[in-house]
*Asks:* 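I'd like to ask some things about the structure below.
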Amino acid sequence: MTDIVIDSIVSRRDFGTIFAGRLADGSSVRVKAANAAMLGMPSVGELWSVEGDLSDTQWGPQISASRAVRALPSGKLMVDYLASCVAGIGPARARRLWQHFEDRLPEALDTGDVAALAAVMDPGRPILGPRLAAALVSAWKAMAGEARLVEWLAAVGVTELALARRVHTLLGAAAPRALQANPYCLVPLLNWKRVDGLGLRLLNETGEADPVNHPHRLVGAADAVVKDLVGSGSTAIARDDFRERLAGKLGGSLSSRALDRALELAIERKAVIASPSGLLRAPGCALMEDAVVGRLRTMATQGPPNRLNRLLGNFGDQGAVLSQDQAEAVRRSLYAGFSCLRGGAGTGKTFVTRTICDLWERAGGQLLLAALAGKAALRLSRSTGRLARTIFRTLRELDEREAVESQLASELDQTERAELETKLRELAQLTPDTLVILDEASMVDLPSLYGLLRRMPQGARLLLVGD
């Protein structure tokens with residue numbers, strides 16, 4: 001790995017970055033790195049460790065990075081980093097910090113003593129000094145946490161940047177300490193064999209008397225069984241089947257008593273949820289399932305709004321083109337806050353759906369149409385004459401709408417506000433008057449349905465369509 005202090009960002013695109021910097025001997029070099037090869041985004045003044053092929057180009061020596069990670073600056077490199085990492089610090093304040101703390105400066109930043117840092121950096125500015133010191137501590141901790149995580153993972157033989165990125169997102173600056181305390185936290189991100197090898201090694205190194213039967217390992221094995229279960233498309237498992245899979249993870253040499261203990265710990269520490277039926281449930285899935293069932297039950301008790309009642313009361317004219325069963329399906333689908341429309345090919349399900357859309361809009365309501373796949377969404381659009389989106393796009397647009405509305409609540413100039421308002425009109429929207437129609441509902445996965453219901457305000461209604 002080659003250490004480089006960044007002097008400038010030459011180019012930054014969605015797919016990668018080119019930056020220029022200095023080597024330890026003072027010579028200049030450029031680095032070209034794809035986002036997939038980097039952990040984080042480089043900034044001027046930072047120290048980065050880069051691995052890759054060096055070649056001569058028209059711009060001088062350039063490294064095509066296969067791996068690039070932020071490193072902790074040390075010695076006088078701290079001055080360059082501090083001077084550029086927070087606007088307003090500058091070289092003069094950075095030098096004062098270095099001259100006062102010297103090699104103890106990283107420790108002072110880790111401790112986060114804002115008052116002490118402000119007193120050294122700018123003693124004559126009682127308001128500005130603490131603000132700059134607080135911003136500096138925050139920037140340092142974010143950078144240092146990422147760098148120390150990469151260093152810790154590399155030391156235990158884990159070099160994948162994608163994994164480091166996910167661990168840092170989940171655990172933040174405390175990641176190295178959390179993983180050292182319990183390496184089985186990595187079960188969701190790595191295969192069991194690899195995690196278990198790392199876990200047993202670290203438990204042995206810390207002097208644990210019985211690493212094989214350590215609670216972290218037993219619960220970690222239960223987490224691995226749940227991970228496999230969810231990956232196979234299931235959310236619950238019989239106790240005996242779970243015990244058998246647990247034995248497979250922990251190794252056949254474990255006694256029956258040890259397996260019983262592992263199962264007890266898994267339930268006690270919520271690695272699995274024991275249900276009254278005797279099944280063991282995956283905890284994340286159980287939370288979503290219970291939330292979905294509770295919300296659907298509540299919605300099912302909602303009656304139709306008064307304006308829709310009047311339309312349903314005068315439904316005879318439109319109902320004349322529907323069969324008796326189809327007309328009843330329209331009434332029942334619109335009557336409750338949650339309903340299902342089932343029917344095989346040729347039963348008129350498409351026409352019934354369009355009739356429901358027409359009546360709901362005549363009653364003054366809004367529609368949001370979605371389907372799991374793009375082709376299904378296109379068919380739904382064509383059959384109803386209205387825009388239908390995929391569920392993925394719907395959820396993404398709803399989140400984007402929330403972000404845009406938050407921006408509009410702040411102070412903006414007229415041009416920015418007009419652009420955001422135009423964008424807002426194009427995004428999916430959910431209101432208390434919205435009827436959500438979800439086609440091919442039997443194919444929809446639990447997280448998508450949970451995500452949709454979680455975003456639906458009280459009063460909004462849901463119609464599931466499928467065969």
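Computed from a prediction, not measured in an experiment: that's the story for all the values here.
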*Asks:* Is D223 salt-bridged to K270, cutoff N-O under 4.0 Å?
*Replies:*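 Salt bridge between D223 and K270, a charged N being under 4.0 Å from a carboxylate O: no.
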*Asks:* Can you list every side chain to side chain donor-acceptor pair (under 3.5 Å) pair that touches residues 164-183, not counting sequence neighbours?
*Replies:*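 Residue pairs with at least one partner in residues 164-183: W152-Q180.
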*Asks:* Donor-acceptor check, side chain of T431 to backbone of D433, threshold 3.5 angstrom: yes or no?
*Replies:*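 It does hold such a pair.
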*Asks:* Once salt bridge (Lys or Arg N to Asp or Glu O under 4.0 Å) is applied, do any residues pair with D467, and if so which ones, sequence neighbours excluded?
*Replies:*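 D467: no salt bridge (Lys or Arg N to Asp or Glu O under 4.0 Å) contacts found.
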*Asks:* Heavy atoms only: give me the nearest L438-A371 pair and the separation to one decimal.
*Replies:*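 Of all heavy-atom pairs spanning L438 and A371, the closest is CD1-N, 4.3 Å.
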*Asks:* Restricting to ring-ring contact (aromatic ring centres under 6.0 Å, His included), what partner residues turn up for W192, sequence neighbours left out?
*Replies:*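 Per chain and number, W192 pairs via ring-ring contact (aromatic ring centres under 6.0 Å, His included) with Y184.
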*Asks:* With R454, which residues qualify under salt bridge (Lys or Arg N to Asp or Glu O under 4.0 Å), at least two apart?
*Replies:*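 Partners of R454 under the salt bridge (Lys or Arg N to Asp or Glu O under 4.0 Å) test: none.
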*Asks:* Give, for atom CG of L420 and atom CG of L412, the distance between the pair rounded to the nearest 0.5 Å.
*Replies:*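 Result: 6.0 Å between the selected atoms.
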*Asks:* Under the ring pair (Phe, Tyr, Trp, His ring centres under 6.0 Å) rule, what pairs show up with a residue in residues 365-422, not counting sequence neighbours?
*Replies:*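 Ring pair (Phe, Tyr, Trp, His ring centres under 6.0 Å) check on residues 365-422 returns no pairs.
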*Asks:* Could you report the tightest heavy-atom contact between A329 and V352, atom names first, then the distance?
*Replies:*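 Smallest heavy-atom distance, with atoms named: CB-CG1, 4.3 Å.
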*Asks:* Taking everything shown except R30 itself, do over 12 heavy atoms lie less than 6.0 Å from its CZ?
*Replies:*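 Yes - once you tally the heavy atoms of other residues, nucleotides and ligands closer than 6.0 Å, there are more than 12.
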*Asks:* Is there a donor-acceptor pair closer than 3.5 Å between any side-chain N or O of E264 and the backbone N or O of R261?
*Replies:*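 Here the side-chain-to-backbone pair does not exist.
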*Asks:* If a pair satisfies side chain to side chain donor-acceptor pair (under 3.5 Å) and one of its residues is in residues 241-251, list it, with sequence neighbours excluded.
*Replies:*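 Found D228-K249, R243-S256, R243-D260.
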*Asks:* If you take all heavy atoms of S275 and S277, which pair is closest and at what distance?
*Replies:*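 It is OG-OG, 2.9 Å.
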*Asks:* Under the rule for salt bridge (Lys or Arg N to Asp or Glu O under 4.0 Å), what residues qualify as partners of R379, not counting sequence neighbours?
*Replies:*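 Counting only residues at least two positions away or on another chain, R379 forms a salt bridge (Lys or Arg N to Asp or Glu O under 4.0 Å) with E440.
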*Asks:* Considering only residues two or more places apart or on different chains, which pairs with a residue in residues 332-345 satisfy salt bridge (Lys or Arg N to Asp or Glu O under 4.0 Å)?
*Replies:*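 Salt bridge (Lys or Arg N to Asp or Glu O under 4.0 Å) check on residues 332-345 returns E328-R332.
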*Asks:* Compare every heavy atom of V226 with every heavy atom of A282, then report the nearest pair and how far apart it is.
*Replies:*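 Looking at all heavy atoms of both residues, the closest pair is CB-CG1, 3.7 Å.
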*Asks:* Does anything in residues 398-419 pair up under salt bridge (Lys or Arg N to Asp or Glu O under 4.0 Å), and if so which pairs, sequence neighbours excluded?
*Replies:*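 Listed by first then second residue: D399-R455, E400-K423, R401-E405.
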*Asks:* Taking side chain to side chain donor-acceptor pair (under 3.5 Å) as the cut-off, I'd like each qualifying pair that reaches into residues 39-50, sequence neighbours left out, listed once.
*Replies:*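 Qualifying pairs, neighbours excluded: D3-S49, E46-W48, E46-R70.
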*Asks:* Write out all pairs satisfying salt bridge (Lys or Arg N to Asp or Glu O under 4.0 Å) with one or both partners inside residues 151-163, taking only residues at least two apart or from two chains.
*Replies:*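 Those involving residues 151-163 are E160-R194.
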*Asks:* Only counting residues at least two apart or in another chain, list the ones meeting salt bridge (Lys or Arg N to Asp or Glu O under 4.0 Å) with E205.
*Replies:*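 Salt bridge (Lys or Arg N to Asp or Glu O under 4.0 Å) check on E205 returns R201.
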*Asks:* Whether the T235 and E289 side chains hold a donor-acceptor pair (N or O, under 3.5 Å, no angle test) is what I'd like checked.
*Replies:*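 A donor-acceptor contact under 3.5 Å links the two side chains.
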